[in-house]
Amino acid sequence: MIDKILTSTASEAVRFLFNVPIDPSLLAVQRTIPAFRNQGDFSMVVFPLLKISRKSPEETATMIGNEILANMPEAESFGVVKGYLNIRIKPEYWMQFLSENQNKLSYGITETASGNPVVVEYSSPNTNKPLHLGHVRNNLLGYSVSQLLKANGKNVVKVNLVNDRGIHICKSMLAWKLSGKDETPLSTGKKGDKLVGDYYVLFDKLYKAEIQDLMASGKTKDEAEAASVLMAQAREMLLKWEARDEDTLKLWNMMNGWVYDGFDVTYKRLGVNFDKIYYESQTYLLGKEIIEEGLKSGILFRKEDNSVWIDLTTEGLDEKLLLRSDGTSVYMTQDLGTAQLRANDFTPDSLVYVVGNEQNYHFEVLKHILFKLGRPWAEHIYHLSYGMVELPEGKMKSREGTVVDADDLMDEMISTARSMTKELGKIEDFDSEEAQKLYWIVGMGALKYFILKVDPKKNMLFNPSESIDFNGNTGPFIQYTYARIKSVLRKAEAELKVDTDFVVDGFHAKESDLIHSLYEFPAVVKQAAEALSPAVMANYLFELAKEYNTFYHELTILKEEDEAKKASRLAISSLAAIVIKNGMQMLGIEVPERM
RNA sequence: GGUCCGGUAGCUCAGUUGGAUAGAGCAGCAGCCUUCUAAGCUGCGGGUCAGGCGUUCGAGUCGCCUCCGGAUCACCA
């Protein structure tokens with residue numbers, strides 16, 4: 001990469017001029033800011049060198065500039081403003097870059113995967129309620145991060161750990177049984193996850209009524225909760241489940257089956273998928289051997305009441321419970337077990353957990369425990385901790401009915417895409433199937449981009465009364481730019497063949513900006529993956545699309561009479577389309593050929 | 001109370017390892033379709049980067065303190 005060459009040339013220059021070897025990071029090369037683009041493509045700050053040069057900033061910069069010009073064939077000229085050295089790269093360099101990559105469909109993507117896999121866990125739903133906007137953020141992040149890692153040549157295993165057991169499922173099961181209506185998805189025409197979710201809500205309603213009654217008869221809230229028959233029945237059901245009671249298992253299997261059918265539909269529409277699905281009903285007993293092992297080695301200890309703990313106070317944390325006094329496991333025990341299971345299944349390079357930031361502490365503890373128990377791979381556990389999706393009135397609460405349902409939201413996005421497309425009237429020749437596909441692409445593009453453009457670790461706001469935009473910094477804007485480019489390219493191909501070898505005197509400022517942005521794409525792919533942040537990619541793509549639209553507006557392409565210029569602009573367009581398509585694919589967003 | 005995360009334009013958000021004059025989008029106003037897709041482009045207004053102190057040639061970015069918001073600190077998951 002040219003910026004690397006520049007850095008090493010410059011540090012050589014400093015060594016030659018001032019006879020002092022320097023750390024190249026002192027001269028971090030950066031892209032010249034727009035105000036000074038007339039002077040160069042790259043800039044260096046010479047202030048840190050003044051102690052070495054013992055000259056004025058201008059003089060120091062000029063000396064280095066001359067030295068670079070003399071030793072770096074790609075450098076064309078330089079300019080100095082205060083302590084900034086701006087270097088222009090020869091257009092020949094950019095021309096070569098363009099002709100080499102203009103038709104490279106895999107530009108920015110490392111196609112051959114190598115190394116042990118990265119295991120990415122995401123989604124991880126409970127089977128007692130349908131997916132909502134919070135889950136949507138989780139799923140989109142997990143899928144996109146997986147795509148980004150793949151684009152960087154990693155083997156990726158996407159896993160989902162479904163929480164299919166526990167008291168919450170028993171509540172839905174119990175309410176269903178008590179209602180006596182024998183409803184099924186088939187009999188009601190309802191999506192299975194929705195139906196089960198309704199019964200979960202029904203349980204809560206019945207339970208609250210029971211508590212009310214008990215309190216009306218003079219009990220305190222605590223007493224009422226302790227005396228609740230419904231809760232006792234739910235617990236009994238859980239015990240029966242654990243005892244593998246046949247009827248209970250049958251009901252459980254049936255209702256979970258409904259939920260999975262429902263989830264499958266939602267996952268498919270969201271465009272996410274998994275390489276392996278773990279079920280807690282099969283993993284919840286794991287971890288106990290690890291505990292035994294830790295007890296033996298003395299890293300864990302047992303209290304008088306028989307409960308097992310780890311002391312993490314030297315790590316600045318607390319003591320943490322790992323086994324209850326009755327010998328049963330807690331969440332942490334299971335997670336230790338499933339982490340080990342994954343380590344055994346895949347011998348991964350690293351483990352990524354896409355889990356909300358309310359579990360920051362949990363994962364910090366998890367890492368520490370595994371590390372103390374002699375699992376060196378624990379060092380490569382990354383908790384991709386994302387913020388809440390909040391509504392204007394605050395947090396979403398399932399029980400208060402303030403959740404934004406994933407299916408409803410997708411329906412709404414697609415229907416908005418439909419009405420906007422119809423209003424614009426550009427696809428009248430599409431058949432119904434093509435049109436439906438486009439509505440889905442655009443609607444989902446708007447939704448996905450809206451969520452992914454925000455830095456994962458930040459909380460974000462969703463206002464249901466203001467529908468998600470389709471103009472400005474949005475998915476459809478980027479999709480539109482792609483469709484626009486493709487339209488030009490189609491026309492160019494329909495004309496005569498355009499020469500892909502071209503020589504131009506130089507580039508227009510708008511062309512240079514675009515070329516430079518396109519040149520940066522592979523670095524952005526890397527950076528986004530390292531940061532586990534689709535937002536890095538999203539924001540880059542928006543800037544790129546904006547630059548293309550400015551270029552498109554200010555310069556003609558097909559009507560350009562100078563054939564070389566025309567060819568260069570087509571090359572820029574072609575590569576821009578490739579970058580947008582590849583970048584969007586890393587976000588899990590499709591792009592339409594027309595819209 | 002301890003720990004962690006956040007606070008940037010009216011609103012939603014960017015801002016690479018500290019670098020030049022802090023940027024977008026939306027909303028508002030004014031323009032641009034006989035020309036490669038107007039889901040677009042151009043222009044205008046809009047800021048005590050929560051506040052203070054410090055480190056530095058240079059701080060939205062790093063450190064300390066204060067204020068505000070959120071999360072977490074369960075024999076819940």
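By convention in this document, chain letters (A, B, ...) are assigned in the order of the sequence lines, proteins followed by strands, and residues within each chain are numbered from 1. Given the structure is predicted, the values throughout are model-derived calculations rather than measurements.
- OP1 or OP2 of B:rC76 has at least one side-chain nitrogen or oxygen of A:Arg324 nearer than 4.0 Å.
- In summary, the aromatic rings of A:Phe477 and A:Tyr480 are positioned with their centroids too far apart to meet the 6.0 Å limit.
- Close to B:rG7, at under 4.0 Å from its OP1 or OP2, lies a side-chain N or O of A:Lys458.
- If you check every strand for non-hydrogen atoms under 4.0 Å, A:Tyr361 touches sugar and phosphate atoms only.
- Within residues 520-543 of chain A, the residues having any heavy atom under 4.0 Å from RNA chain B are, by residue number, A:Gln527, A:Asn539, A:Phe542.
- One finds a salt bridge joining A:Glu242 and A:Arg165 here, because a Lys/Arg side-chain nitrogen approaches an Asp/Glu carboxylate oxygen to under 4.0 Å.
- With hydrogens and angles left out, the side-chain atoms of A:His362 and A:Asp335 include a donor and acceptor closer than 3.5 Å.
- Residue A:Asn126 is out of contact with every strand shown, counting any heavy-atom pair closer than 4.0 Å.
- For A:His168 and A:Phe203, the ring centers sit 6.0 Å or farther from each other.
- Each of A:Ile33 and A:Val454 has a nearest nucleotide on RNA chain B; the 5'-most of these lies closest to A:Val454.
- For the C1' atom pair drawn from B:rG63 and B:rA27, the interatomic distance equals 39 Å after rounding to whole Å.
- Geometric assessment of A:Lys320 against the ring of A:Trp309 yields a negative cation-pi assignment under the 6.0 Å and 45° thresholds.
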(request) Please assess A:Lys437 against A:Glu590 for the test salt bridge (Lys or Arg N to Asp or Glu O under 4.0 Å), listing each intermediate value before the final yes or no. (result) CA-CA 10 Å; A:Lys437 173 85 176 164; A:Glu590 286 187 38; 3.3 Å; yes
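- OP1 or OP2 of B:rU37 lies within a sub-4.0 Å distance of a side-chain N or O belonging to A:Lys491.
- Note on A:Pro48: a base of the nucleic acid sits closer than 4.0 angstrom, heavy atoms only.
- When heavy atoms are screened at a 4.0 angstrom cut-off, A:Gln359 is found touching base atoms of the nucleic acid.
- Under 4.0 Å is where a charged nitrogen must lie from a carboxylate oxygen, and between A:Lys565 and A:Glu511 no such pair does.
- In this structure, A:Arg569 pairs ionically with A:Glu560, as a charged nitrogen and a carboxylate oxygen lie closer than 4.0 Å.
- In this entry B:rG31 has B:rC41 as its Watson-Crick or G-U wobble partner, both defining distances falling under 3.5 Å.
- Contacts of A:Thr328 with the nucleic acid, taken as non-hydrogen atoms under 4.0 Å apart, are absent.
- The same atom, P, is picked in B:rC13 and in B:rG7; the two are 11 Å apart, to the nearest Å.
- Taking atom NZ on A:Lys395 and atom P on B:rC5, their separation rounds to 19 Å, with Å as the unit.
- The same atom, C1', is picked in B:rU8 and in B:rG46; the two are 14 Å apart, to the nearest Å.
- On a pure distance criterion of 3.5 Å, a polar donor-acceptor pair joins the side chain of A:Asn86 and the base of B:rA20.
- Applying the 4.0 Å criterion to OP1 and OP2 of B:rG40, one finds that A:Asn471 has a side-chain N or O inside that range.
- Nearer the 5' end of RNA chain B, as judged by each residue's closest nucleotide, is the contact made by A:Val29, out of A:Glu593 and A:Val29.
- Atom OH of A:Tyr84 is separated from atom C1' of B:rC57 by 10 Å (rounded to the nearest Å).
- With both ends at atom P, the span from B:rG1 to B:rU17 equals 33 Å, rounded to whole Å.
- Using cut-offs of 30° and 60° for the angle between ring planes, the A:Trp241 and A:Trp252 rings count as perpendicular.
- Base pairing of B:rA50: its partner is B:rU66, meeting the Watson-Crick or G-U wobble criterion (both donor-acceptor distances under 3.5 Å).
- Between B:rA22 and B:rU61, the two C1' atoms lie 11 Å apart (nearest whole Å).
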(message) Strictly under 4.0 angstrom, non-hydrogen atoms only: write out the protein contact profile of nucleotides 41-47 of chain B, one letter per nucleotide from the 5' end, B, S or -.
(response) SS-----
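- A straight line from CD of A:Gln30 to P of B:rU17 spans 12 Å, rounded to a whole angstrom.
- Remark: B:rU56 base-pairs with no nucleotide in the shown strands. Criterion, Watson-Crick or G-U wobble with two distances under 3.5 Å.
- Rounded to whole Å, the P atom of B:rU3 lies 9 Å from the corresponding atom of B:rC65.
- Taking the charged nitrogens against the carboxylate oxygens, A:Asp326 and A:Arg324 have no contact shorter than 4.0 Å, which rules out a salt bridge.
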